[in-house]
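Residue numbers start from 1 in every chain, and the chains themselves are labelled A, B, ... in the order their sequence lines are given, proteins ahead of strands. Just the heavy atoms: all of them, side chains too, but no hydrogens, waters or symmetry mates, feed the values below.
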Number of protein chains: 2
Amino acid sequence: MAGDGTIGKACDVLEQVAAFGRPVRFAELLESSSFPKASLYRFLQSLTNQGMLSYDPDRQTYSPGLRLVRLAHSAWTQSSLAPIARPILDGLSLETGETVHLAQLDSSQVLYVDKRNAKNPVEMYSEAGKVGPAYCTGVGKAMLAFLDDDRLDKAISQQSFHRFTDKTLTSEAVLRADLARIRERGFAMDDEEHEPGIICVACPILTSGGRVLGAISITGSTQRMDFDQLKKWVPRVRRSADQIGSEAEAWRFPEGRKDRMQAS
Amino acid sequence: MAGDGTIGKACDVLEQVAAFGRPVRFAELLESSSFPKASLYRFLQSLTNQGMLSYDPDRQTYSPGLRLVRLAHSAWTQSSLAPIARPILDGLSLETGETVHLAQLDSSQVLYVDKRNAKNPVEMYSEAGKVGPAYCTGVGKAMLAFLDDDRLDKAISQQSFHRFTDKTLTSEAVLRADLARIRERGFAMDDEEHEPGIICVACPILTSGGRVLGAISITGSTQRMDFDQLKKWVPRVRRSADQIGSEAEAWRFPEGRKDRMQAS
DNA sequence: AACTTGGTTTCATTATTTGGAACCTCAAAA
DNA sequence: TTTTGAGGTTCCAAATAATGAAACCAAGTT
């Protein structure tokens, strides 16, 4: 995919290990890797040293390292909208009683950073960090619709357009048409495009300058409701999105100190 | 700190950005960085490209990127004990009614990967990902005590021995003595060494081969209880720790497929 | 004992990183 | 409007690190 020198390659390896979703042997990685034996080996060594990967000497397997969890903690509190959005999401969830998602874009994919489920308790990590396709989810399309041209082109070029259901938009042209409509009316709809029976409405979260920060959505199932009912919530969702946007923007860093932070 | 070529340097930069705990300007980073302008610049570029950092063009600031959240999700489910330990922690928490911590070692620091609080609901990310000192926490000492010599030496050399309270163990010798006792009796005690009024007992989580996987602890406050009461739970904690250890070990990967996983 | 599979190390070659310095750029001051 | 300067960005020859074919090693297998 990428090509930022050594850093890019290291990230590729990292991603590859993560993609397996289970501890992997060297040989398995080698097989699905474009790097030659020795190179891959050294990358794994370095990444393991750095704690970005962890190595199980008993089983001789690699998996994503705990250092990532620590760093992600940082990313979560700083760079995600989640901490700001939390109370707003709570309110939205309480008021609507429906499933609420907060998502942001991560390399042209939808990254869910928070969620409220009508029923289950929070169960954070299980949702936060999950990814989904941008071209066929409400939050995804809501964000795409308000991207500037460059970014949009890049993002679209990275969509798979896999047909999840028979309503999935599977071509760039159709998607672009839908995005235009979304831009007009200010919110996106997902009409069973990703999962059958699942519909949703989503609004983008924008800065005052129009930059896309994320999106929130309300999801329902066709069994219990239709779009007419769901659309009733749009103004409420829009309001929440705007609120998150302006709070995010207002959150100027509090004129920080110069000394480095230091744990332990 | 480290020196694994380019990868190590990139990680340093990443860590540095994360350490600020807020979005940082280039100039601020440059100041506290050992890299020259141009080098630092290129690292930031590459890392940003890769989504490991995110750049806010309005404010011209860097912060840890969302890709980390995605990767950490992977790390969390795979490499941490959390998913295995969850039900066991629940049980322990329910039965004791006290605060329960699950921690693992990350570059000689204690990384909390899960927690049960007697009162509050889960609030995951706020605890998961937090770090603490190893030499003056129950979980930390429980893990250190069962490290092999090499690792222990390395870990000890990386402790700050900062005096948090007047009971903090502030020298290597004292710590080593305590670790020896912990090794004998099989559990660690934190007697207000990190926070005044906070005491805890902790047991290491080990593989059958004796490798340290993590530790769990039960925490109490001196207002409500003393060590005699707390120690009553030790067998229960030990049992939970052993259970987590053996389940972690049993969790052999389910004879995976060879094809690569693919999101979106 | 010879063979195989999976992992690690070597080393001359090659490509990347490096960092001082020059160069932009934008905004505030003159 | 011009000047100034701090904050960013780009250049390029020298220094360094990555590369990968091949050799090597360690454990199991036949």
Please check the phosphate of [N] (OP1 and OP2 only) for any side-chain N or O of [X] closer than 4.0 Å.
{"X": "T6(B)", "N": "dA18(D)", "result": "yes"}
{"X": "S39(A)", "N": "dG20(D)", "result": "yes"}
{"X": "K9(A)", "N": "dT16(C)", "result": "no"}
{"X": "Y41(B)", "N": "dT10(D)", "result": "yes"}
{"X": "Q60(A)", "N": "dG6(C)", "result": "no"}

Can you establish whether the number of heavy atoms outside [X] located under 6.0 Å from its atom [atom1] is more than 12?
{"X": "R176(A)", "atom1": "CZ", "value": "yes"}
{"X": "R151(A)", "atom1": "CZ", "value": "no"}
{"X": "D148(A)", "atom1": "CG", "value": "yes"}

Atom-pair distance ([atom1] on [X]; [atom2] on [N]), nearest Å:
{"X": "L44(A)", "N": "dT9(C)", "atom1": "CG", "atom2": "P", "value": "13 Å"}
{"X": "E28(B)", "N": "dA6(D)", "atom1": "CD", "atom2": "P", "value": "16 Å"}
{"X": "F26(A)", "N": "dA26(D)", "atom1": "CZ", "atom2": "C1'", "value": "15 Å"}
{"X": "L30(A)", "N": "dG6(C)", "atom1": "CG", "atom2": "P", "value": "10 Å"}
{"X": "F43(A)", "N": "dA18(D)", "atom1": "CZ", "atom2": "P", "value": "8 Å"}
{"X": "F35(B)", "N": "dT9(D)", "atom1": "CZ", "atom2": "P", "value": "18 Å"}
{"X": "Q45(B)", "N": "dC11(D)", "atom1": "CD", "atom2": "P", "value": "13 Å"}
{"X": "E31(A)", "N": "dT5(C)", "atom1": "CD", "atom2": "C1'", "value": "13 Å"}

Quiz item: Do the side chain of R25(B) and the base of dG8(D) come within less than 3.5 angstrom through a donor-acceptor pair of N or O atoms?
Solution: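 When only heavy-atom distances are counted, R25(B) does not reach the base of dG8(D) through any donor-acceptor pair under 3.5 Å.
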Quiz item: Under the 3.5 Å rule, do the base of dG20(C) and the side chain of K37(B) count as making a donor-acceptor pair?
Solution: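 Absent.
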Quiz item: Of R42(B) and Y62(A), whose nearest nucleotide on DNA chain C comes first from the 5' end?
Solution: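 Nearest-nucleotide comparison on DNA chain C picks Y62(A).
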Quiz item: What nucleic acid atoms does A27(A) come within less than 4.0 Å of, heavy atoms only: base, sugar-phosphate, or nothing?
Solution: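 The answer is sugar-phosphate, as A27(A) gets under 4.0 Å only of primed atoms, P, OP1 or OP2.
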Quiz item: Is R181(A) paired with D178(A) through a side-chain N to carboxylate O contact shorter than 4.0 Å?
Solution: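 A salt bridge is present here (some side-chain N lies under 4.0 Å from a carboxylate O).
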Quiz item: If we only count heavy atoms from C-beta on, is the L144(B) to I182(B) side-chain gap below 4.5 Å?
Solution: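 Result no, sub-4.5 Å side-chain heavy-atom pair not found.
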